[in-house]
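These notes are about the structure you will find just below.
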There are 2 protein chains.
Amino acid sequence: MINIESKIEVLKQKCAEANMRLTPQRIEVLKMIASTDTHPDAETVYESVKEVMPFISLDTVYRTLASLEDLGLIFKVDNELPKSRYDADLSPHCHFICLKCGAVYDIHMDNHIEPPKESFKYGEVLQTNLQVKGICHKCRG
Amino acid sequence: MINIESKIEVLKQKCAEANMRLTPQRIEVLKMIASTDTHPDAETVYESVKEVMPFISLDTVYRTLASLEDLGLIFKVDNELPKSRYDADLSPHCHFICLKCGAVYDIHMDNHIEPPKESFKYGEVLQTNLQVKGICHKCRG
DNA sequence: GTTATTATTAGTAATAATTACTAATAAGGA
DNA sequence: TCCTTATTAGTAATTATTACTAATAATAAC
């Protein structure tokens, strides 16, 4: 479980460093993603944040997600589904993705994955992600 | 390098099994993807196939890609880029993806990746993919 | 605290990628 | 060779995301 208060604190610092403003929209969007393990898409974030901030626009949600990603506070889950899914958990873990319903489950790991040696042949390595895909128990019925 | 003739042979068999027709469009789309290691997107496949088949439609390319994926002859490369990229190489390998230009390079491996044990908690595992992301040499200049 | 600056936002329009629809076509079995 | 029906071309529609613009509000300077 992510400590939301400390996440907000990091947002505060990173915004100051990047000359970006600490707006309530940024705080709410980050809070929403950090408080769930469902890896929501932009639309879901929008619907959820609207409950406490009825006039927020979908555009703002998309822009805010991009900003938070730039600041390194959240990242997109790699998938081949039409909608991008977001994750605020920066601890070493990977994902089980259901090919039928699109559900994303966390698989916790002791360490981040080491990139294969051949990787460095192609450029500077910034992240290494592992996805496990299959059919979740719910979809199997 | 993929043996294209044997790929077409597999397409033939799989189509017969699945009560699907062996159309020239399917052959050309598969040929195109199997003959490159650039992991092209739908638009690129379309432009390329149009050279030998000028009246093919983009819709057919999309439908054909989906069919070939269903038959297990090609698969989508996991990424967070706006366009889906396709791969016909079924041997054990993963991808280096450049975050700047979107280039996808193959990283060959001796064996397919073992899914972490926790994976099975969530459902039936069908595939395990590893992506290495960074900035490629060309983009570093 | 007040004011000024300008990053950010709401609302909406536009774009990009993909999917759906329909009449015409052609693959493959009889 | 004919028939059945899966598939296609051409185009329209949908979906996810991004861009635009005037209005707003976060922060710094006074």
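Below, each value reflects all heavy atoms present in this structure, side chains not excepted, and no hydrogens, waters or symmetry copies. Below, chains carry the letters A, B, ... as their sequence lines are ordered, and counting in each starts from 1. Everything numeric here is computed off the predicted structure, so don't read it as measured data.
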Review item, side-chain donor-acceptor pairs of residues 98-105 of chain B, under 3.5 Å, at least two apart:
none

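- As judged by a 4.0 angstrom heavy-atom cut-off over every strand, B:Tyr62 is placed among the base-contacting residues.
- B:Ile113 shares a hydrophobic cluster with A:Met109, A:Ile113, A:Leu130, B:Met109, B:Leu130; the chain of contacts runs through ILVMFWY side chains whose heavy atoms sit under 4.5 Å apart.
- Regarding B:Lys12, its NZ atom lies at a distance of 13 Å from the C1' atom of C:dA27, rounded to whole Å.
- Looking at residues two or more places apart in sequence or on another chain, you find no salt bridge (charged side-chain N to carboxylate O under 4.0 Å, His left out) involving B:Glu69.
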For residues 42-58 of chain A, run the donor-acceptor check on the side chains, cut-off 3.5 Å, and write out each pair with its distance to 0.1 Å, sequence neighbours left out.
from, atom 1, to, atom 2, distance (Å)
A:Thr44, OG1, A:Asp41, OD1, 2.7
A:Ser57, OG, A:Thr60, N, 3.2
A:Ser57, OG, A:Thr60, OG1, 3.0

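- Looking at heavy-atom distances under 4.0 Å, B:Gln25 makes contact with sugar-phosphate atoms alone, never a base.
- In this structure, the CG atom of A:Leu58 is 14 Å from the C1' atom of C:dA14, given to the nearest Å.
- Per the geometry, CG belonging to A:Leu81 stands 15 Å off C1' belonging to C:dA17, to the nearest Å.
- A straight line from CZ of B:Phe55 to P of C:dA26 spans 12 Å, rounded to a whole angstrom.
- Using a 4.0 Å cut-off between charged nitrogen and carboxylate oxygen, A:Glu28 and A:Lys31 count as a salt-bridge pair.
- Follow the hydrophobic side-chain contacts under 4.5 Å out from B:Leu30 and you reach B:Met20 in the same cluster.
- Map B:Pro54 and B:Asn19 each onto its nearest nucleotide of DNA chain D; the residue landing nearer the 5' end is B:Asn19.
- Both B:Glu43 and A:Ser57 sit near DNA chain C, but only A:Ser57 has its closest nucleotide nearer the 5' end.
- At its two ends the helix from C:dG1-D:dC30 to C:dA30-D:dT1 runs along axes set 40° apart, each axis drawn from five pairs and the angle rounded to 10°.
- Residue A:Arg26 is classed as a sugar-phosphate contact, given heavy-atom separations below 4.0 Å to backbone atoms only.
- Judged purely by atom type and a 3.5 angstrom limit, B:Asp106 has no side-chain atom pairing as donor or acceptor with the backbone of B:His108.
- On the nucleic acid side, DNA chain D contacts chain A at distances under 4.0 Å to non-hydrogen atoms, with the end points of that region at D:dA16 to D:dT27.
- Taking for each of B:Arg63 and A:Thr23 the nucleotide of DNA chain C with the nearest heavy atom, the 5'-most of the two is the partner of A:Thr23.
- A:Thr36 contributes no side-chain N or O that, together with a main-chain N or O of A:Ile33, makes up a donor-acceptor pair within less than 3.5 Å.
- As a whole-Å value, the separation of B:Arg85 CZ from C:dA17 P is 12 Å.
- We find the CG-CG distance between B:Asp37 and B:Asp89 to be 9.0 Å, quoted to the nearest 0.5 Å.
- Base contact: B:Asp59 has a heavy atom under 4.0 Å from a base atom.
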